[in-house]
**Student:** 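Quick one: this structure, given as structure tokens, is what I'll be asking you about.
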There are 2 protein chains.
Amino acid sequence: METIKVILVDDHKIFRDGFRLLLQSFPYVDVICEASNGLELLKVLEVNIPDIIFMDVNMPHVDGVEASKRALEKYPDLKIIALTTFLDDDYLEQMLMAGVEAYMLKNADIEEFEKAILKVYSGGNYFSAEIVALLSDKLNILRSRKVQQMELPVFTDREKEILELICKGFGNKEIAEKIFISPKTVEKHKSSLFQKTGVLNTVNLVIFSFKHQIVNF
Amino acid sequence: METIKVILVDDHKIFRDGFRLLLQSFPYVDVICEASNGLELLKVLEVNIPDIIFMDVNMPHVDGVEASKRALEKYPDLKIIALTTFLDDDYLEQMLMAGVEAYMLKNADIEEFEKAILKVYSGGNYFSAEIVALLSDKLNILRSRKVQQMELPVFTDREKEILELICKGFGNKEIAEKIFISPKTVEKHKSSLFQKTGVLNTVNLVIFSFKHQIVNF
DNA sequence: TTGAACAATAGGGAAATCCCTACTTCGGAA
DNA sequence: TTCCGAAGTAGGGATTTCCCTATTGTTCAA
């Protein structure tokens with residue numbers, strides 16, 4: 001088995017030392033470098049490209065979120081495993097959006113780390129059980145947001161048709177040409193949409209539609 | 001502890017028998033009924049309302065998705081735990097949309113089932129690790145869509161400030177008042193935004209911002 | 001130190017959008 | 001049947017937005 005090249009990013013040297021010791025028990029893992037914050041990581045990456053980065057979430061100067069974003073922007077093939085001491089709802093979402101492959105607690109046991117490394121190295125994802133619990137709650141929030149939107153105004157077919165075109169970015173004239181009516185009529189349908197949704201202009205109508213996921217982009 | 005009333009829905013009697021046996025090892029769980037498909041479930045629900053339904057996803061006649069939707073429509077307080085033999089990407093999404101509280105593999109172990117029942121009964125969610133892996137892949141797909149987009153233009157601070165206000169639905173005059181400049185200046189910043197993003201009007205600028213997640217709603 | 005590039009400011013006129021009113025059609029209720 | 005309301009159609013005039021041009025201040029490198 002070829003070695004998996006790893007970089008550790010954490011602002012506490014003691015943690016890095018301990019963690020490297022832990023990783024050394026995997027013969028196929030090679031810690032090629034360390035960094036104590038995001039900025040340092042970016043410098044290090046100019047010289048050494050690892051397979052996997054273990055990234056602390058809370059760091060001074062450039063935190064895990066920003067560091068992950070920037071690193072992935074420059075090197076999209078990087079795999080990042082986010083490490084955190086406590087469960088932080090906010091960071092979790094941001095790190096996922098930044099594009100990390102895995103998210104785990106620092107006090108995970110050695111088997112968990114092994115699982116995570118192998119899973120991520122082979123192109124998968126890994127989330128520790130605590131994270132899973134948090135994620136599933138989040139998913140529920142998403143769903144319930146979708147459910148509670150049921151009390152939406154009722155649109156006529158013509159209104160729906162026009163709303164879709166509006167949200168694709170077409171102006172009154174363009175919409176009129178597409179569906180063979182006068183621009184003036186388009187405007188009337190729009191003002192009906194304004195009334196039903198309680199907004200005052202096209203921009204706000206578009207915002208409303210995206211917010212309520214009436215149109216999917 | 002009061003008993004948790006449970007209904008099993010699965011088209012295989014053998015599975016139902018086995019599963020009931022498993023559930024009987026929890027003294028606080030009471031399997032009050034069974035159904036072999038969605039239609040039967042709906043009939044059963046007219047007489048018996050459980051706390052939790054274990055719902056097979058793949059069933060003849062009325063499948064888990066449809067059954068869950070209809071059941072929740074009539075009895076919104078029901079909690080549903082979806083059960084599946086294999087991981088099916090498609091069903092997963094549909095079941096989540098239908099509004100199930102939990103999603104697990106049938107071959108989960110007894111501890112997992114216990115966790116799921118308790119979590120769901122207390123108003124939470126439960127997803128087994130395999131499901132979360134699938135979900136995280138989904139999240140990943142979202143992300144990669146984000147990464148592959150064109151490189152975003154660089155906005156000045158003023159432009160970012162104005163873009164945010166635009167995406168909150170404010171017009172030129174309102175923005176001007178908020179940040180103490182002339183409406184004309186706001187317009188100029190907007191036209192810079194148009195140029196940088198390649199759009200032709202405010203509506204399309206808002207659409208662009210949502211699509212590229214420059215603003216978060 | 002002197003341009004050059006760029007950010008921020010703003011005006012005038014053209015174009016698109018918004019508001020109010022009005023006509024036609026069609027299906028269901030009195 | 002007749003009448004009413006809802007949906008679809010559209011025009012006139014006010015408002016807002018958009019495009020082109022221009023000035024000022026700041027930074028940075030020749």
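Quick note: numbers below take in every heavy atom, side chains included, and nothing from hydrogens, waters or symmetry partners. Every chain is numbered from 1 and lettered A, B, ... according to where its sequence line falls, protein lines coming before strand lines.
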**Student:** Without decimals, in angstroms, what is the distance between A:I175 CD1 and D:dG8 C1'?
**Tutor:** 16 Å
**Student:** In the 5'-to-3' direction, what one-character label does each nucleotide of nucleotides 15-29 of chain D receive under the scheme B = base within less than 4.0 Å of a protein heavy atom, S = sugar-phosphate only, - = no such atom?
**Tutor:** -SBBB-B--------
**Student:** Applying side-chain contact (heavy atoms from CB on, under 4.5 Å) between A:I53 and each of A:L8, A:L45, A:V6, report the one that passes.
**Tutor:**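 Running side-chain contact (heavy atoms from CB on, under 4.5 Å) over A:L8, A:L45, A:V6 with A:I53 returns exactly one hit, A:L45.
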**Student:** For B:H212 and B:T197: C-alpha separation, side-chain torsions, deciding distance, then whether side chain to side chain contact (heavy atoms under 4.5 Å, CB included) applies.
**Tutor:** CA-CA 11 Å; B:H212 293 73; B:T197 57; over 6 Å; no
**Student:** My understanding is that only residues two or more places apart in sequence, or in another chain, count here; which of them pass ring-ring contact (aromatic ring centres under 6.0 Å, His included) with B:Y75?
**Tutor:** none
**Student:** Just to verify, what does A:S209 make a side-chain hydrogen bond (donor to acceptor under 3.5 Å, both in side chains) with, not counting sequence neighbours?
**Tutor:**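 Partners of A:S209 under the side-chain hydrogen bond (donor to acceptor under 3.5 Å, both in side chains) test: none.
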**Student:** Name every residue in residues 154-161 of chain B that has at least one heavy atom under 4.0 Å from any atom of DNA chain D, in order of residue number, or write none if there are no such residues.
**Tutor:**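 Going residue by residue through residues 154-161 of chain B, none turns out to have a heavy atom under 4.0 Å of DNA chain D.
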**Student:** Between D:dA7 atom P and A:I181 atom CD1, what is the distance in whole Å?
**Tutor:** 15 Å
**Student:** Would you give the length of the straight line joining atom CG of B:N204 to atom SG of A:C167, rounded to the nearest 0.5 angstrom?
**Tutor:**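 Result: 10.5 Å between the selected atoms.
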**Student:** Taking only residues two or more places apart in sequence or in another chain, which ones pass side-chain contact (heavy atoms from CB on, under 4.5 Å) with B:E73?
**Tutor:**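 Per chain and number, B:E73 pairs via side-chain contact (heavy atoms from CB on, under 4.5 Å) with no residue.
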**Student:** If the cut-off is 4.0 Å, is A:T185 near the phosphate of D:dA10, judged by side-chain N/O to OP1 or OP2?
**Tutor:** yes
**Student:** Can you tell me how far C1' of C:dA10 sits from CZ of B:F180, to the nearest Å?
**Tutor:** 18 Å
**Student:** Any donor and acceptor pair, going by atom type alone, linking the side chain of A:D56 with main-chain N or O of A:V9 inside 3.5 Å?
**Tutor:** no
**Student:** Rounding to a whole Å, what distance do you find between A:H189:NE2 and D:dA7:P?
**Tutor:**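 Atom-to-atom, A:H189 to D:dA7, this comes out as 11 Å.
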**Student:** Can you tell me the distance, in whole Å, between the CD atom of B:Q195 and the P atom of C:dC6?
**Tutor:**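 Whole-Å distance recorded here is 12 Å.
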**Student:** Show me, pair by pair, the donor-acceptor contacts under 3.5 angstrom made by side chains of residues 171-181 of chain A, not counting sequence neighbours?
**Tutor:**
{"unit_1": "A:N172", "atom_1": "OD1", "unit_2": "A:K190", "atom_2": "NZ", "d": "2.7"}
{"unit_1": "A:E174", "atom_1": "OE1", "unit_2": "A:G171", "atom_2": "N", "d": "2.7"}

